[in-house]
**Student:** 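Have a look at the structure that comes next, please.
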Amino acid sequence: MKLLLIEDNPTMQTTLRRSFERRGMQVLGCDDGARALALWQASLPDAVLLDLSLPGLDGLEVLSQARAAGLTTPVIILTARGTVGDRILGLNTGADDYLPKPFDLDELEARLRALVRRTASTAPATPLWCGMLVDKDSGAVYFDGQPMELAPRELALLRALLGKPGHAIAKERLFELVFPGESQVQPEAIEVVAYRLRKKIAHTGAQLVTLRGLGYLLKSDP
């Protein structure tokens, strides 16, 4: 199991990382919201442990943007915010489970493995468009049963466009999904990603079309 641990407390992160690595998991750690979202999109983990109190983007915003980008990875929220209202807000934002601090490590592992098992038992992919489908667990895009070889930002852009094939999506919105929290990146960078993606999907029967003043859309070849 590949686990993304998003926790800004260095002691907590070290303790959890060592514990889960001893239990045979691969653990990717991050302590910043914006970087965590980018790492999530790039690494496509099997599960995410998410703290809410993070620098940069807070945990709920990380989760909200991840779900908007089409990332369906199961998420357990770990936080000192333990009120019923906090739990409801986290679950409504897209979390799958919620464990207030302090917690028992054995219980956390049991919840984590149960969550991943439940996710794996569902249909692994949902057909989308032009022979392309998105794996529910990993977020990877497949064409004719084979994974498409895309860079993380190309993959994020394609997932966003596949959410509304045939409909224009504003460049500003796509930029937020492809470059989450990256304030140093120029808006024109989305054009570079679109150019590269356009060439990589040419064989699928889908076209990535630029609409001046509106954004981008996917349409099928006539």
**Student:** Can you pull out every salt bridge (Lys or Arg N to Asp or Glu O under 4.0 Å) where at least one residue sits in residues 47-65? Sequence neighbours excluded, please.
**Tutor:**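 For residues 47-65, and leaving out neighbouring residues, the salt bridge (Lys or Arg N to Asp or Glu O under 4.0 Å) pairs sorted by first residue read D51-K101.
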**Student:** Could you check if a side-chain atom of L3 sits within less than 4.5 angstrom of a side-chain atom of L112, using non-hydrogen atoms only?
**Tutor:** yes
**Student:** Going by ring pair (Phe, Tyr, Trp, His ring centres under 6.0 Å), name the residues that satisfy it together with F20, two or more places apart in sequence or in a different chain.
**Tutor:**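 Counting only residues at least two positions away or on another chain, F20 forms no ring pair (Phe, Tyr, Trp, His ring centres under 6.0 Å).
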**Student:** Thinking salt bridges, do D106 and R23 make one under a 4.0 Å N-O criterion?
**Tutor:**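 Salt bridge present between D106 and R23.
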**Student:** Is it true that L155 and L177 fall in one hydrophobic cluster, defined by side-chain heavy atoms closer than 4.5 Å?
**Tutor:**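 Per the 4.5 Å side-chain linkage, L155 and L177 are not co-clustered.
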**Student:** How close do R173 and A68 get, counting heavy atoms only, and between which atoms?
**Tutor:** NH2-CB, 3.1 Å
**Student:** Check R67 with D96, please: is the shortest side-chain N to carboxylate O separation under 4.0 Å?
**Tutor:**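 Here D96 pairs with R67 in a salt bridge, since their nearest N and O are under 4.0 Å apart.
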**Student:** Tracing side-chain links under 4.5 Å among I, L, V, M, F, W and Y, which residues wind up in one group with V209?
**Tutor:**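 Noted: V209 shares its cluster with L211, L214, L217.
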**Student:** Can you tell me how far CG of L5 sits from CG of L78, rounded to the nearest 0.5 angstrom?
**Tutor:** 8.0 Å
**Student:** Should the pair E21-R18 be classified as a salt bridge under the 4.0 Å nitrogen-to-oxygen rule?
**Tutor:** no
**Student:** If every non-hydrogen atom of L63 is compared with every non-hydrogen atom of A95, which pair is closest and at what distance?
**Tutor:**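 Closest heavy-atom pair between L63 and A95: CD2-N, 3.4 Å.
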**Student:** Looking at every non-hydrogen atom in both residues, tell me the closest pair between A36 and C30 and how far apart they are.
**Tutor:**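 Distance-wise, the nearest heavy atoms are N-SG, 3.4 Å.
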**Student:** Y216: what forms a ring pair (Phe, Tyr, Trp, His ring centres under 6.0 Å) with it, not counting sequence neighbours?
**Tutor:**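 Residues passing ring pair (Phe, Tyr, Trp, His ring centres under 6.0 Å) with Y216: none at all.
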**Student:** Taking only residues two or more places apart in sequence, or in another chain, which ones meet F103 in a ring pair (Phe, Tyr, Trp, His ring centres under 6.0 Å)?
**Tutor:** none
**Student:** What's the separation between atom CZ in R159 and atom CG in L157, rounded to the nearest 0.5 Å?
**Tutor:**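 If I round to the nearest 0.5 Å, the distance is 10.0 Å.
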**Student:** Working note: M25 + E109, criterion side-chain contact (heavy atoms from CB on, under 4.5 Å); need CA distance, chi angles, decisive distance, verdict.
**Tutor:** CA-CA 10 Å; M25 300 183 194; E109 182 186 10; 4.1 Å; yes
**Student:** Kindly work out whether a path of hydrophobic side-chain contacts (I/L/V/M/F/W/Y, heavy atoms less than 4.5 Å apart) joins L37 to L52.
**Tutor:** yes
**Student:** Please tabulate, for side-chain N and O atoms in residues 184-196, each donor-acceptor pair with protein atoms closer than 3.5 Å (sequence neighbours left out).
**Tutor:**
residue	atom	partner	partner atom	Å
E191	OE2	K171	NZ	2.7

**Student:** Just do the side-chain contact (heavy atoms from CB on, under 4.5 Å) check on K200 and L158 with the steps written out, would you?
**Tutor:** CA-CA 10 Å; K200 292 187 178 181; L158 180 57; over 6 Å; no
